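Here the structure comes first, spelled out in structure tokens, and everything after it is commentary.
As the structure is a prediction and not an experimental result, all values here were calculated from the model.
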Amino acid sequence: MNIRPLLDALDLQEEAARALADDLRAQIDDLQTRLREAETHLEHLTITRKTVTGLADRLPLSPPEHPDYPQGHRRLQRVDRPPAGQGRLSTLSHELLPKNVDGTRAKLKRLVKLGILTEADTGNFARKQ
């Protein structure tokens, strides 16, 4: 009896099984790398959450009191339709100088960040409803 064809068939199956095992090992290595990256990202998110919640009790609940904010807010409340850009400066009784325009724009942006105003379009600010 000639067992050579049987041994050749076994060799082919062994090679296929080795190739499959090698592919699976490569996939496992890739998955382990991705898992480590995901776990590291989760650790960073946990640290960020702890930092934010630790700082939350230190943050003021209301906007910081600045001498110009209440006065400007009252003046803006008296205006039926909030003016855009440089119209706000005249409402706030500021002279239309470039430094005043930039300074007022920066203050309005801060009020947006504090949640007091919204910016519908660039340069168009309105009170938050």
Next item on the list: Begin with the C-alpha distance, continue with both residues' side-chain angles, and end with the deciding distance and a verdict on side chain to side chain contact (heavy atoms under 4.5 Å, CB included) for Leu45 and Arg49.
Entry: CA-CA 6 Å; Leu45 290 172; Arg49 179 179 296 279; over 6 Å; no

Checklist line | Rounded distance [0.5 Å steps], CG in Leu42 versus CD1 in Ile47 | finding: 11.0 Å

Note to self: For a side chain to side chain contact (heavy atoms under 4.5 Å, CB included) check, start with the C-alpha distance between Thr48 and Val52, then their side-chain angles and the critical distance, and finish with the verdict.
What the structure shows: CA-CA 6 Å; Thr48 302; Val52 168; 4.3 Å; yes

Margin query: Let me confirm one number: the NE2-CZ distance from His41 to Arg34, rounded to the nearest 0.5 Å.
Written below: 14.0 Å

Item checked: Atom pair CZ/CD of Arg18 and Gln13 - distance to nearest 0.5 Å -> 12.0 Å

Check: Can you tell me how far the CZ atom of Arg36 sits from the CG atom of Leu31, to the nearest 0.5 Å?
Finding: 11.0 Å

Note to self: Working to the nearest 0.5 angstrom, can you tell me the gap between Leu7 CG and Asp11 CG?
What the structure shows: 6.5 Å

Check: Can you tell me if CD1 on Ile3 sees more than 12 non-hydrogen neighbours from other groups inside 6.0 Å?
Finding: no

Notebook entry, point to check: Is there side-chain contact between Thr46 and Lys50, with at least one heavy-atom pair below 4.5 Å?
Noted result: yes

Next item on the list: Of all the heavy-atom pairs spanning Arg25 and Asp22, show the shortest one and how long it is.
Entry: NH1-OD1, 2.9 Å

Note to self: I need the minimum non-hydrogen distance between Thr118 and Val112, along with the two atoms involved.
What the structure shows: C-CG2, 4.2 Å

